[in-house]
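Worksheet: the structure to be examined is printed underneath.
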Amino acid sequence: QSAHRAGLRSFIRYGWRWSWRVATFVTIFNMASTGLSVYRNKSTIGNYASAGAFTGALFRIHLGLQGLAGGLMFGTAFGIPAGALLMIMQKVAGETLQEKRNRERRELYEQKLAEWQSRLSVTEVLGEMESNAQGGPETESARES
């Protein structure tokens with residue numbers, strides 16, 4: 001039991017040291033891959049490989065040129081399978097991020113178009129009412145004379 005407690009204490013102590021690094025790595029990786037996907041308007045393994053290479057190089061740049069190259073290769077080596085896994089999960093879910101983005105963009109366009117057309121029809125109705133109001137007294141005065 002004391003060994004179990006000691007293991008748990010060391011896991012908590014050293015787990016914290018690694019958790020923020022992993023969280024930062026994943027955040028930068030996701031931002032880079034999402035940015036590339038949005039910029040290129042498509043999602044490919046190359047986006048994930050590039051994002052992994054960028055993140056790995058960024059985390060090892062303090063070790064000099066060799067660290068930069070090693071981080072680049074390490075990031076690429078882990079970015080490719082991570083990207084493949086993410087793309088497979090999206091396909092299994094039935095809708096990729098690109099398809100979702102295009103669908104949401106189309107729905108927003110259709111909503112704005114319907115709103116614009118309803119405003120236009122209100123404007124046309126108001127225009128007809130105004131012309132009827134202006135035309136009404138003129139016809140009455142013409143009838144009186």
Side-chain angles (χ1 to χ4, degrees), residues 1-140:
Q1 218 174 20
S2 65
H4 185 264
R5 287 187 194 130
L8 185 61
R9 279 193 309 267
S10 65
F11 177 75
I12 291 170
R13 183 181 313 144
Y14 296 112
W16 170 251
R17 291 181 184 176
W18 281 99
S19 66
W20 72 268
R21 291 181 178 120
V22 171
T24 305
F25 187 91
V26 169
T27 301
I28 294 171
F29 175 81
N30 282 333
M31 286 174 53
S33 66
T34 303
L36 284 170
S37 294
V38 169
Y39 178 73
R40 297 180 66 206
N41 202 21
K42 61 182 175 179
S43 184
T44 63
I45 294 290
N47 291 350
Y48 294 104
S50 299
F54 172 73
T55 308
L58 190 64
F59 266 71
R60 293 291 172 209
I61 198 167
H62 70 281
L63 298 175
L65 193 58
Q66 287 180 335
L68 180 85
L72 211 132
M73 291 176 29
F74 175 80
T76 303
F78 281 100
I80 292 173
L85 181 64
L86 287 169
M87 291 178 74
I88 288 170
M89 288 184 353
Q90 290 173 8
K91 288 288 185 183
V92 169
E95 186 177 42
T96 65
L97 289 177
Q98 182 66 35
E99 292 168 350
K100 180 181 177 185
R101 195 173 347 177
N102 287 341
R103 178 182 50 81
E104 288 175 349
R105 188 180 300 143
R106 185 181 62 248
E107 289 173 355
L108 182 64
Y109 171 76
E110 290 171 355
Q111 179 185 1
K112 286 186 176 183
L113 182 65
E115 182 180 321
W116 181 77
Q117 287 175 340
S118 69
R119 286 183 180 179
L120 184 62
S121 66
V122 168
T123 305
E124 289 174 354
V125 167
L126 288 175
E128 289 175 10
M129 289 175 59
E130 184 177 295
S131 66
N132 288 342
Q134 290 175 355
E138 291 175 6
T139 55
E140 290 178 12

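Along the sequence shown, residues are numbered consecutively beginning with 1. Just so it is clear, the structure is predicted and the values come from calculations on it, not from any experiment.
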Shortest non-hydrogen contact from [X] toward [Y]:
{"X": "T44", "Y": "Y48", "answer": "O-CD1, 3.2 Å"}
{"X": "G7", "Y": "S10", "answer": "O-OG, 2.9 Å"}
{"X": "G83", "Y": "I45", "answer": "C-CD1, 3.9 Å"}
{"X": "S33", "Y": "A51", "answer": "N-CB, 3.5 Å"}
{"X": "T76", "Y": "A53", "answer": "OG1-CB, 3.2 Å"}

How long is the gap from [atom1] on [X] to [atom2] on [Y], to the nearest 0.5 Å?
{"X": "L86", "Y": "K91", "atom1": "CG", "atom2": "NZ", "answer": "13.5 Å"}
{"X": "F25", "Y": "N30", "atom1": "CZ", "atom2": "CG", "answer": "10.5 Å"}
{"X": "T55", "Y": "M31", "atom1": "OG1", "atom2": "CE", "answer": "9.5 Å"}
{"X": "L120", "Y": "Q117", "atom1": "CG", "atom2": "CD", "answer": "8.0 Å"}
{"X": "L65", "Y": "L72", "atom1": "CG", "atom2": "CG", "answer": "10.5 Å"}

**Asked** Between R103 and E107, does a salt bridge (Lys or Arg N to Asp or Glu O under 4.0 Å) hold up when you go through it step by step?
**Response** CA-CA 6 Å; R103 178 182 50 81; E107 289 173 355; 3.4 Å; yes
Counting only heavy atoms from other residues, nucleotides and ligands, does the tally under 6.0 Å from [atom1] of [X] exceed 12?
{"X": "M87", "atom1": "CE", "answer": "yes"}
{"X": "R21", "atom1": "CZ", "answer": "yes"}
{"X": "E104", "atom1": "CD", "answer": "yes"}

**Message:** Could you walk me through whether F29 and F54 satisfy the side-chain contact (heavy atoms from CB on, under 4.5 Å) test, starting with their C-alpha distance in whole Å, then the side-chain angles of each, then the deciding distance to 0.1 Å, before giving a yes or no?
**Reply:** CA-CA 8 Å; F29 175 81; F54 172 73; over 6 Å; no
**Message:** Any non-hydrogen side-chain atom of T96 less than 4.5 Å from a side-chain atom of S43?
**Reply:** no
**Prompt:** Is there side-chain contact between K112 and L108, with heavy atoms separated by less than 4.5 Å?
**Reply:** yes
**Message:** Using only atom types and a distance under 3.5 Å, with no angle test, would you say the side chain of S50 pairs donor to acceptor with the backbone of N47?
**Reply:** no
